[in-house]
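Let me begin by presenting the structure, written as structure tokens, before commenting on it.
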Number of protein chains: 2
Amino acid sequence: MMTIKDVAEKAKVSTATVSRVINNKTEGITEEMRRHVQKVIDEMGYTPSGLARGMVTKKTYTIGLVIQNICNPFFPKMVSGVESIAYKNGYMVLLCNTDENIEREKNYVSILREKRVDGIIITVSNGKDKEYISNLTAGNIPFVFLDEIAEDVNCVCVDNESGAYKATTHLIELGHKNIACLSGPDTSITNLQRVKGYRKALEEANLPIREELILKGTYKADSGFKNTENILNRYNDVTAIFCANDFNALGAYEAAMAHGKKVPEDISIVGFDDILDIPANNFAFTSVSQPTYEMGQEAAKMLIDIIDKKELKDEVVSFQPNLIVRDSTSTPK
Amino acid sequence: MMTIKDVAEKAKVSTATVSRVINNKTEGITEEMRRHVQKVIDEMGYTPSGLARGMVTKKTYTIGLVIQNICNPFFPKMVSGVESIAYKNGYMVLLCNTDENIEREKNYVSILREKRVDGIIITVSNGKDKEYISNLTAGNIPFVFLDEIAEDVNCVCVDNESGAYKATTHLIELGHKNIACLSGPDTSITNLQRVKGYRKALEEANLPIREELILKGTYKADSGFKNTENILNRYNDVTAIFCANDFNALGAYEAAMAHGKKVPEDISIVGFDDILDIPANNFAFTSVSQPTYEMGQEAAKMLIDIIDKKELKDEVVSFQPNLIVRDSTSTPK
DNA sequence: ATGAAAGCGCTAACAT
DNA sequence: ATGTTAGCGCTTTCAT
């Protein structure tokens, strides 16, 4: 591998001069010299070492992006949003898939530290564990939390409560009175906020909150399936289900079908995240949509801002989610 | 930021000893000393610098992954496959989104060189441009081409010809005789192979190849839409369309609808890539599915193999695609 | 078993 | 305007 020294020798100049050229320094170098050195660089096909440069400048122009699972359709746009802003600002992104595994999450963050990334964007799986969060953010690396919220850190998120409120209110306005709620994991603040929004909507509509209709679960389809089966077996007055995310909605849909119930004729289902939005289908879910691309962009902007200004300000940017009404909700029979 | 020197001083040992501990060297160090140093490291919360290490070892344990667009549902699983194998082997992946923009592709590769990645996995947009390819792979960085094929390089791909052959044969077996072919960009070898498979199927079935039914296009939905409109306007004997990818199929579907034709009753459509496979829908496309996760894994394995053995062998690993018959194909009326 | 010191390829401060 | 040189934080010989 060629070095700056090789170039300097070939061009019969000092390494400092070569350095001035590859870094586009304007002062202290004549146009003629610049052209001369550049020519040698091009001829030799020299590429400076980012490692060496990073060592002395203390900057790597690399950020880490820790996400749960790129295969979950919720994330690609977010990743793309991050990448687009990063690229525009000269940064590259190291992709870290955690599979919602806390150990892997920790491990990745530690490797990112070793790699001396300039900052980290992370979608944590457990925003409630304060000790965990503070261990994560220990050290002087800028952090931005994306999607999931945590306290005392910079966050880009969506107003989950408002989203859930909109979804539930939609069901209420359609005429539903007995609405079940399939919640996600209670380690997730996001989920807690969604349940809160569900409750708020019922309260404001003066509908009773039936605790037995609020089921704990996970963000997976099998959880939605099981919980819906339970609901359907026990309470035949339930005509609608608010799901904490679309995988739950998918499970709910399948359980309803298995139960001989039609969606939306017999039972209405609202999801959250809007990841089931492939066009050209006859049937699509009503769901709360998040502007994931913009959220990714915002997170990257915020991170780069912090990196540049080196100030951590514990800011929270909250996006408004959007209820998209489609085919899985209708008035009750 | 702490350095190995700080640790050495605190532990009253040399930096060499600390280095032995952080690298888990077994020889030349007593268990007692290891424990002592490790304790100091833990207390101080020291994280070694990967940059400094990389400079001397000439290894970064980082690979670059250059893909067209993570938002295209075809790619996330591929990325995930790459990431899973990389992680297992101690590598991280730098994600590079190119938007099929050749300039951006080149630029990213050049940045990856600067970062001294150990290798690059790339899904090029133009496998036919030999000069471009050889410029890309110039230098001693190991390359593996994924999805799209190029000559004289290590490749992981799918047998596109066979996939197209299966898809077209499926239509023929259903009884279709006049089958159009919406092809993708002719800069893509992948696309050329798919068209080849289409032709082969017709030939083997002794069906005439009507060149006017083979339309050039891109991999986007609007191309499929326009081409289908043309077909429908001119040739009303066409009862089936083979599409070079699913976006084309989507466009074809919409054009058919706009034309008052029902799918599959009036016209059958086969896609390629199987990216429209969201469950719980009443309608889904018949498509040729690629094992993208496995392909990603294989590419990562191959790359790490090359990195370890430092031998470039111009190997081509070809996966068999699978025709998934769903609701967009049936016998002609 | 442990330590001293050279060197990886750059940048930046200081000389010239 | 250009050059000299001291690090940046590690690993790796080579001594001891």
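Quick note on labels: first sequence line is chain A, next is B, and so on, each numbered from 1. Note that the structure is predicted; figures quoted are calculated from it, not measured.
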Rounded to the nearest Å, what distance is computed from the CD1 atom of residue A:I4 to the C1' atom of nucleotide D:dT2?
-> 14 Å
OP1 or OP2 of C:dG9 under 4.0 Å from side-chain N/O of B:K58 = yes
Looking only at N and O atoms, is any donor in the side chain of B:R116 or the base of C:dG9 less than 3.5 Å from an acceptor on the other one?
-> no
Residue B:A52, side-chain heavy atoms: nucleotide from C:dG9, D:dT12, D:dC10 that is nearest = D:dC10
NZ/NE/NH1/NH2 to OD/OE distance under 4.0 Å, A:E31 and A:R34 | yes
Against the side chain of B:N23, the closest entry in D:dT11, C:dC10, D:dC10 is D:dT11
In terms of side-chain heavy atoms of A:V56, which of D:dC8, D:dC10, D:dT4 is nearest?
-> D:dC8
Taking NZ, NE, NH1 and NH2 as the nitrogens, is one of them in B:K309 or B:D305 under 4.0 Å from a carboxylate oxygen of the other?
-> yes
N/O (side chain, A:T3) to phosphate O (OP1/OP2, C:dC8) under 4.0 Å | no
Return the nearest nucleotide to the side chain of B:I22; candidates are C:dT2, C:dT11, D:dT11.
-> D:dT11
May I have the distance from A:R113 (atom CZ) to D:dG9 (atom P), rounded to whole angstrom?
-> 17 Å
Salt bridge present between B:K10 and B:D6 (N-O < 4.0 angstrom) = no
side-chain N/O A:T17 vs D:dG3 OP1/OP2, d < 4.0 Å = yes
Please determine, for the side chain of B:T15, which listed nucleotide (C:dG9, C:dA5, C:dC8) has the closest atom?
-> C:dA5
B:H36 has an atom NE2; how far is it from atom C1' of C:dA1, in whole Å?
-> 14 Å
Residues B:E114, A:R53: salt bridge by 4.0 Å N-O rule = yes
Measure from the side chain of A:S19, starting at C-beta and using heavy atoms only, and say which of D:dC10, C:dT11, C:dT2 lies closest.
-> C:dT11
Nucleotide of C:dC10, C:dA12, D:dT11 approaching A:K25 most closely (side-chain heavy atoms) = C:dA12
Charged N to carboxylate O below 4.0 Å: is that the case for A:E83 and B:R104?
-> yes
When you check the phosphate oxygens OP1 and OP2 of C:dG3, does a side-chain N or O of B:S14 lie under 4.0 Å from one of them?
-> yes
Give the rounded distance in Å between these two atoms: CZ of B:R53 and C1' of D:dG9.
-> 11 Å
Distance in angstrom units between B:M2 CE and D:dC10 P, rounded | 10 Å
Separation of atom CD in B:E27 from atom P in D:dT11, rounded to whole Å | 16 Å
Between B:V18 and A:T30, which is nearer to the 5' end of DNA chain D once each is assigned its nearest nucleotide?
-> A:T30
Considering only heavy side-chain atoms of A:I29, the closest of D:dT2, D:dT13, D:dC10 is D:dT2
A:T57 side-chain N/O to D:dC8 phosphate OP1/OP2 under 4.0 Å = no
In whole angstroms, the gap separating C1' of D:dA6 from CE of A:M55 amounts to 13 Å
B:Y61 OH to D:dT11 C1': how many Å, rounded?
-> 14 Å
Does the cation-pi check pass for A:K77 over A:F75, that is, NZ or CZ under 6.0 Å from the six-membered ring centre and within 45° of its axis?
-> no
